[in-house]
**Q** 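I have a structure I would like to understand better, so I am pasting it below and will then ask my questions one at a time.
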Amino acid sequence: MEEKVIRNIALLCSVVGLVLLYFASSMIGSTHMRIGEISIDSVGMGVKICGIVENKKVSNNNVFLMVGDGSGSIKLVIFGKSALKLNESSIDVHGLCSEDEICSTGVVDEYPRGSGELEIKYTGGNISLYD
Amino acid sequence: MIELLGFLLFTLAGCLLGVFTGITPGIHVNLISIFLLGAAATFNPYLIAVMIIAMAVTHTFFNFFPSILLGAPEPESALSVLPGHRMLLKGRGVEAIYLTIVGGVGAVFLCVILFPLFLNLIPFLYQYIQSAISLILIVIAFVMIITESHMKGRGIALMVFLLSGILGYILLNSYPLPSNFLLFPAFTGLFGISTLLVSLNRKTEIPEQYMETPKIPGRLALSGILKGLFSGAMVGTLPAIGAAQATVLTQQITRRGDEKEFLVSIGAINTIVALFSLISLYTISRARSGAALAVQNVLASFGLNELLLLVAVALIATGFSVIVMLKLTKKVVRAMQRIDYTKLTVFIILVLVVLVLLFTGPMGIFILFISSAIGLLAPLFGVKRSNLMGVLMVPLIIYYLPI
């Protein structure tokens with residue numbers, strides 16, 4: 001195997017990687033879902049929800065929002081560190097009030113495990129006021 | 001489009017980090033991954049995962065620079081020190097590094113072709129072999145010792161294996177150091193300082209190096225890559241088997257004295273382990289490497305889309321690493337020739353001691369001293385240095401014994 005062959009294989013790897021990255025990056029992300037469509041089968045899925053803040057609880061800087069969209073309600077959990085980052089960058093999540101309309105991405109989780117109770121854990125990206 | 005650009009930028013950043021961790025003795029991917037996990041709250045977790053995998057794959061190529069040229073290895077490349085260094089001292093340092101590049105890129109290429117097979121094979125192997133880990137490790141250790149050339153050598157090999165094993169058992173059970181650096185002083189002593197001290201004692205000088213990259217026979221390359229792929233599959237499947245143990249396994253199935261094939265294999269193993277750990281994460285939900293564990297922590301779920309994304313990143317990182325290494329190797333080796341090797345060896349020993357002191361304190365220095373003494377036994381008594389892998393194998397054999 002000559003250096004030229006190895007270099008060509010490396011180039012092929014890069015090109016195949018770039019093509020694969022193009023397709024994979026379009027498949028990665030959150031699926032926009034109605035809250036009523038979220039079920040136990042959705043656990044582990046990245047989703048995007050939009051709805052109205054029905055109530056808010058703050059504990060140790062962690063923010064727990066109950067969000068409803070007419071089809072159902074679900075708890076959106078934003079952990080303290082993420083909440084502080086959001087406060088600095090885009091939206092004051094500690095200042096959200098009932099009736100505020102928001103969109104958020106996160107991952108569906110069952111908590112506690114085996115309870116059948118679902119929640120969405122905020123994992124990154126923006127939370128925006130509904131427009 | 002913006003998402004794609006973000007992925008590309010973070011892949012490039014990961015590659016640059018991998019170059020840094022690869023060429024710096026003592027700085028491991030796992031350490032940087034811990035810092036990157038902290039950034040997951042700020043950035044999109046997928047970007048962090050992409051960065052970690054690009055770094056891990058690039059690291060597997062570049063960490064042959066310190067292990068072959070300086071004799072300062074990390075656990076995954078520890079056994080490459082001897083054949084790689086030996087080739088350097090024969091004027092074939094460029095060839096030694098080139099062989100590891102061939103192994104790495106060849107293994108990635110084959111792994112992608114055989115991807116569908118591995119997706120089905122790993123769950124099958126995991127189900128049937130995991131109960132026999134202890135036995136597999138005992139067989140590997142037995143073969144390592146029995147293949148010494150004479151009876152006295154076998155006795156000494158057993159002693160070296162057990163001494164390093166006792167050291168590993170104490171370290172892994174009493175946790176005298178922070179967990180990220182638990183084995184750093186031991187590996188630096190067993191494989192790094194001891195090799196450098198032997199070089200120093202022999203007043204080694206780096207001869208003039210052949211600067212041409214040789215034509216590697218296809219059969220040798222394929223054989224080395226397939227052995228690396230087999231060992232990589234073991235690592236990806238079985239708990240407790242890491243790149244270091246896979247290398248020991250490969251060394252036993254490589255023709256004695258064929259250091260070229262061994263270097264191809266070891267280059268293949270390191271990179272293949274990074275890829276297989278992703279396949280394992282997808283197929284059996286088990287993280288088999290520090291980078292895969294970090295990805296598991298940062299991503300809430302790991303499905304086929306995530307696997308394809310990270311395999312794409314691994315391919316790009318492979319291309320980047322090979323092209324940059326092909327450009328750099330000759331320049332680096334040429335620079336090595338102009339340096340007084342004795343002074344360089346003393347300097348590297350001092351750097352390693354300072355790094356150990358910095359990361360692990362006086363206790364680390366104490367462990368470094370003991371492990372260097374054990375590490376010297378193998379070359380001084382003329383037995384294989386791979387027997388020092390007892391440091392990992394003995395604790396794992398004990399841990400997985402069904403008693």
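We name chains A, B, ... by the order of the sequence lines, and we start the count at 1 in each one. Below, all heavy atoms of this structure are taken into account, side chains as well, without hydrogens, waters or symmetry copies.
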**Q** Compile the donor-acceptor pairs under 3.5 Å between side chains in residues 311-321 of chain B and protein atoms, sequence neighbours left out, one pair per line.
**A**
from	atom 1	to	atom 2	distance (Å)
Thr318(B)	OG1	Ala314(B)	O	2.8
Ser321(B)	OG	Ala317(B)	O	2.7

**Q** Is a donor on one side and an acceptor on the other found under 3.5 Å between the side chain of Tyr98(B) and the backbone of Glu3(A)?
**A** yes

**Q** Which one of Val322(B), Leu326(B), Leu8(B), Val50(B) has the most heavy-atom pairs closer than 4.5 Å to chain A?
**A** Leu326(B)

**Q** Against Ile6(A), only a single residue in Ile101(B), Ile216(B), Ile323(B), Thr213(B) fulfils side-chain contact (heavy atoms from CB on, under 4.5 Å); can you say which?
**A** Ile101(B)

**Q** Side chains of Phe23(A) and Leu308(B): closer than 4.5 Å at any heavy-atom pair?
**A** no

**Q** Applying salt bridge (Lys or Arg N to Asp or Glu O under 4.0 Å), which residue pairs with at least one partner in residues 264-278 of chain B are found, sequence neighbours left out?
**A** none

**Q** Report the residues that fulfil side chain to side chain contact (heavy atoms under 4.5 Å, CB included) with Asn55(A), sequence neighbours left out, ordered by chain and then residue number.
**A** Met66(A)

**Q** Spell out the residues in residues 102-110 of chain B that have some non-hydrogen atom less than 4.5 Å away from a non-hydrogen atom of chain A, in order of number; otherwise answer 'none'.
**A** Val102(B), Val105(B), Val108(B), Phe109(B)

**Q** State whether the number of non-hydrogen atoms from other residues, nucleotides or ligands found under 6.0 Å of Tyr210(B) atom OH is greater than 12.
**A** no

